[in-house]
Protein chains: 2
Amino acid sequence: MATPLEKARKAPNSMKAKILKKARRVFGEYGFHGTTTRMIAQEVGIDISTLYYHWGEKGDLYESVIVDINEDLRQKLVEVEGIIHGRPLPDRMDIAIDLMTDFLFRHPEISNLVLFQYFGKTRGKKLINVEIPEFVSGIARSMELCRSTDDVPGRVRLQVLAIMNSIHSFISGEHFFRKMVELEKNDYMAEVKKTLKFILIPAFTGKNK
Amino acid sequence: MATPLEKARKAPNSMKAKILKKARRVFGEYGFHGTTTRMIAQEVGIDISTLYYHWGEKGDLYESVIVDINEDLRQKLVEVEGIIHGRPLPDRMDIAIDLMTDFLFRHPEISNLVLFQYFGKTRGKKLINVEIPEFVSGIARSMELCRSTDDVPGRVRLQVLAIMNSIHSFISGEHFFRKMVELEKNDYMAEVKKTLKFILIPAFTGKNK
DNA sequence: TATGATCTCCATCATTTGATGGAAACAAAC
DNA sequence: GTTTGTTTCCATCAAATGATGGAGATCATA
C-alpha cells in the first residue's frame, strides 16, 4: 500500500502534492515551530481542515516533508555520481560542486531543512529517522575516500559532512551573507562556487589552483 | 545609561543574568519559536512574570541573547588573535582552530544561535542588526587574507564565513553527527579538529599534512 | 521599626494554534 | 437522476502561549 507521501510524489497535480510543495518552502523558511498549519493552508489557498484531511497532524506532514527532500537530495546525488564517474578526482569535485550548488540554489528549502534537521531540536517530537549515512557513504565512495560503502571510517564521514555542510550553509545563508558581500544573486552563486572549490579541493587533491 | 543587557553582563549573579544564561541555552536548542517563556522560566525556577519583569517581551530577551553571544564570540576572537599573532600561517590556523573549537564546544549555544541567525527566519520580527562584518574583517586580517580591515574583498569574506560555518556546523550538529560516527564526546571533538584542519589548512597554506 | 523601593508570585486575559465534526459541494457509477 | 464516495469549507473547541495587574514578600536605609 502506498503511503501518503508516495501518492503525492506519483501525482504531482494532486492536492496532496500541492500542499507538500508549499509545506516544504514554509517549513524550510520558518522551521517546524515557526510554521503554522494556517500559514501553509493560506499559501496553498485552502482551508486548514483540507490540509488536515490530506496529511493528518502537523508533525506527520513535517515528517513527510523531511523524507521528501531527503529523497530529492539522494536522487540528485546519484545523478551527479553518474556524471562524474571515471574522471580524475579534481574534475569530479569541480563538477560535483557546480551541479550540487546549482541544484540547491534552485531548491533552497532542501538546504534549509537539512540544516534544521541537524541543528534544531523539535519540542516533544521524536527525531525523524532518515538515513544520512547512506548519502555519506555514497559520496565517500564516489570521492574514492574509501573502497566500499560498508564500514566507511568515521574520519571520512566527517569529511563528507564538512563538504555537504559548507554547501548547505552558503545556500541557506544567502539572505544574510549576500548583504555582507553586496552581490547580486547570480554573482553570489558564482562566488560561492569559487569559494567552495578554493577551500574544498586542495585538501583532497593536494593541489591549489 | 546601561541597557538591561549591560547590567546583566556586569552583575553575573543577578536574576537578570541568570535568566539570560538559561535563555541562551533554551533559545539555542529550540530556536525562537520553539522556545516558550514558560520553558525559560521553569529552567531558571521562577515564575514567568518575573521573567517579564526583568526582560520585557520575549522578542527583546531574544535580541539580548543574540547580542550577548555575539559579544562573547567577538571577545574570544580577539583573544585568539592575540595568541596567534606573529606566528607562521599554518601554525596560526592550527592553534586558532583548536582554541575556537574548544571554546565553542564549551558554549554550543553560541554556534546554535549563530546558525539560527543565518538560516532561520523569525515570523514577524525584524532582523536583528549584528555586525558580523566586523568579525569577518578581523579574522581576514588575522589570516593575512587582506591588508587592512577596511574594504575586505567579497571573496575573502566568503572564505572566512566558510571557515566559521564549518566549525559551527560540527558543534551544533554534534547530536546528529556523533551518532553517525559512533564516537564519545571527547573523541568526537578530537576528530572534528582533525577534520577541520585537514580541510581548511591546505587551501590557505598550499600544504597538505 | 517605619518607609520606600525592588522583586516575586498568583491569578487571569486575549490570542494563537493544533485539531475536529458536520454540512455542503463535487464527482463518479449506475 | 439517484446514489455513493470523495473532497472542501465553515464553525468551533481545547490547549498552549504571550503578556499583565496587583497583592504580597524582601531588603536596604533612615
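Within every chain, numbering begins at 1; the chains are lettered A, B, ... in the order of the sequence lines, protein sequences first and strands thereafter. Just the heavy atoms: all of them, side chains too, but no hydrogens, waters or symmetry mates, feed the values below.
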Q.
Does anything in residues 21-37 of chain A come within less than 4.0 Å of DNA chain C? Heavy atoms only, and list the residues if so.
A. A:T35, A:T36, A:T37

Q | With A:R74 via side-chain contact (heavy atoms from CB on, under 4.5 Å) - residues at least two apart | A | A:E71, A:V78, A:E134, A:F135

Q. Distance check: side-chain N/O of A:R123 vs OP1/OP2 of D:dT17, anything under 4.0 Å?
A. yes

**Q.** salt bridge (Lys or Arg N to Asp or Glu O under 4.0 Å) against B:E57, all qualifying residues, sequence neighbours excluded
**A.** B:K125

Q: Starting from P on D:dG18, measure out to NZ on B:K58 and report it in whole angstrom.
A: 4 Å

Q.
Taking any atom closer than 4.0 angstrom to a non-hydrogen atom of chain A, what span of DNA chain C does the protein reach, first nucleotide to last?
A. C:dT17 to C:dG21

(Q) Suppose we screen for ring-ring contact (aromatic ring centres under 6.0 Å, His included). Which residues come up paired with B:F170, at least two apart in sequence or across chains? (A) none

Listing, residues 153-166 of chain B side-chain donor-acceptor contacts under 3.5 Å, not counting sequence neighbours, or none:
| residue | atom | partner | partner atom | Å |
| --- | --- | --- | --- | --- |
| B:R157 | NE | B:V152 | O | 3.1 |
| B:R157 | NH1 | A:M180 | O | 2.5 |
| B:N165 | ND2 | B:L161 | O | 3.3 |
| B:S166 | OG | B:A162 | O | 2.8 |

Q: Describe, in one word, how the ring planes of B:F176 and A:Y118 are oriented to each other, choosing from parallel (under 30°), tilted (30 to 60°) and perpendicular (over 60°).
A: tilted

**Q.** Test side-chain contact (heavy atoms from CB on, under 4.5 Å) applied to A:R92 - qualifying residues, sequence neighbours left out
**A.** A:I84, A:R87, A:L89, A:E144

Q: With sequence neighbours excluded, tell me which residues meet ring-ring contact (aromatic ring centres under 6.0 Å, His included) with B:F103.
A: B:H107

(Q) Testing B:K179, B:K185, B:M189 one by one against B:E174 for a side-chain contact (heavy atoms from CB on, under 4.5 Å), which residue passes? (A) B:K185

Q. A:R38 has an atom CZ; how far is it from atom C1' of D:dC10, in whole Å?
A. 13 Å

Q) What distance do A:N112 atom CG and A:I171 atom CD1 have between them, rounded to the nearest 0.5 Å? A) 9.5 Å

Atom pairs and distances, donor-acceptor, side-chain atoms in residues 40-48 of chain A, under 3.5 Å, two or more places apart:
| residue | atom | partner | partner atom | Å |
| --- | --- | --- | --- | --- |
| A:D47 | OD2 | A:S49 | N | 2.8 |
| A:D47 | OD2 | A:S49 | OG | 2.5 |

Q: Please say which of A:R24, A:K22, A:K21 ends up in a salt bridge (charged side-chain N to carboxylate O under 4.0 Å, His left out) with A:E109.
A: A:R24

Q) Where along residues 40-55 of chain B does a heavy atom come under 4.0 Å from DNA chain D, residue by residue in number order? A) B:I48, B:S49, B:Y52

Pairs: protein N or O with nucleotides 23-27 of chain D N or O, under 3.5 Å:
none

Q: Count the heavy atoms of every other residue, nucleotide or ligand shown that sit under 6.0 Å from CD of B:E184, and state whether that count exceeds 12.
A: no

Q | Partners meeting ring-ring contact (aromatic ring centres under 6.0 Å, His included) with B:F32 (sequence neighbours left out) | A | B:Y62

